[in-house]
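Below you'll find the structure, written out as structure tokens, and then a few comments.
When a ligand or atom number is given, it counts from 1 through the structure's own listing order. Both backbone and side-chain heavy atoms feed into the values below; hydrogens, waters and symmetry mates do not.
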Amino acid sequence: MQSVLGTEFGGMAEVLSDIYYQTGDKKWLTTAARFDHQAIMTPLANNQDQLSGLHANTNVPKWIAAAREYKATGTSKYLDVARNAWNIVIKAHTYAPGGNSQAEHFRAANDISGYLTTDTMEHCNSYNMLKLTHELWAIDPTNVAYFDFYERTLLNHILGAHDQSSSHGAVSYFSSLNPGATRGLGPAWGSGTWATDYSSFWCCQGTSVEVHTKHMDSIYFRDSSSSTLYVNLFVSSVLNWASKSIKITQSTTFPTSDTTTLTVAGTGQFTMKIRVPSWAKSTTIKVNGAAITAPSAGSYASINRSWASGDVVTAQFTMGFGTAPANDKSSLAAITYGPLVLSGLSSATTAPTLQLNTLKRTSTSALTFSATAGGSTMNLEQFADAQHVRIVTYFTITGSLP
Ligand SMILES: [Zn+2]
């Protein structure tokens, strides 16, 4: 059986664990464990990064399964596998927009600058990493790092992998990170393009049937006693919390705006925990117009009260410019603004030198930016929106941030 597991078998243990949850019949859990791939799980349980050279997306579903098998069994090895895999991938194998893999494979730990190619960041991998993140956060809901990653990957890679001009919902396979990358200008097959109706069919098109229906499933969470409501993402949405007879309407144009408003309908006692992102330069939270003491970035604001219809919470997280350097080359970096990665609109084929102190936002109502790069003024947009153009995402950086 372990030899058989050397080939791609996707989410078998995840699916079998789900059947166990739905039926309570342990035979499904026993069968799920038959798909525990020890050659992958044992090093990860020991926190060893042996991912180099492995097919990336084959393995992420094994880690999602490990998280679910941990919840079903309490066996700590499963949790160690899932947590260590997440940490190793995020810290040593992930590009600035949140995606991982080059030509579908993990490369040597921290080797980012050597693999800024046309076939980086397979779409499926990020979708599966978000599923893993969802599972791990639910086990450790005080850890803001999980949803900082979730937000970064959702806003940059996942939304950017959807062709905004396609009425058929076309998605990308890879998202290229080479200088002058083609975003929707490449050949019909493979790198630097979106799917076509009939002349391409990738794993990522199968994944996309799920992925764009799942943007809403990680905005709000409650604890098992329904005494705490978590607000993890800032997305215009309506939460019908039926068991509490509470409705919460979140209104925002985030990330174009840095503010979100949550309006409560219904009455009841609960704690609202709002994620204060690690990128926030400053935070202002008001309840019915009165400011509360906001916690530091990278934690949860906690508002415990007896809520009444019409109560309004506003949360403002000031965005600023930052850099996300390649792990192996600090002079080569992506530019960030709050949770967003910014891409320069440029066909340069080597990384242009960008003067950090010239970065500025050029509109308050749109996500448009400029900087001096390659010796002249370059316009920048958020990675997700920079489509059907040539872009640069990693720059040679000089100077200091404004
Ligand atoms: Zn794929």
The Zn ion (ligand 1) to nearest N/O/S of E104 less than 2.8 Å = no

Give, rounded to 10 degrees, the angle between SG (C204) and OE2 (E122) as seen from the Zn ion (ligand 1).
-> 120°

K71, NZ atom: more than 12 neighbouring heavy atoms under 6.0 Å | yes

Got an N, O or S from C203 under 2.8 Å of the Zn ion (ligand 1)?
-> yes

Does one side chain, of Q355 or T372, offer a donor that lies under 3.5 Å from an acceptor on the other?
-> no

Within 6.0 angstrom of Y70 OH, more than 12 heavy atoms from elsewhere = no

Minimal heavy-atom distance between N128 and N57, with the atoms involved, is ND2-OD1, 2.9 Å

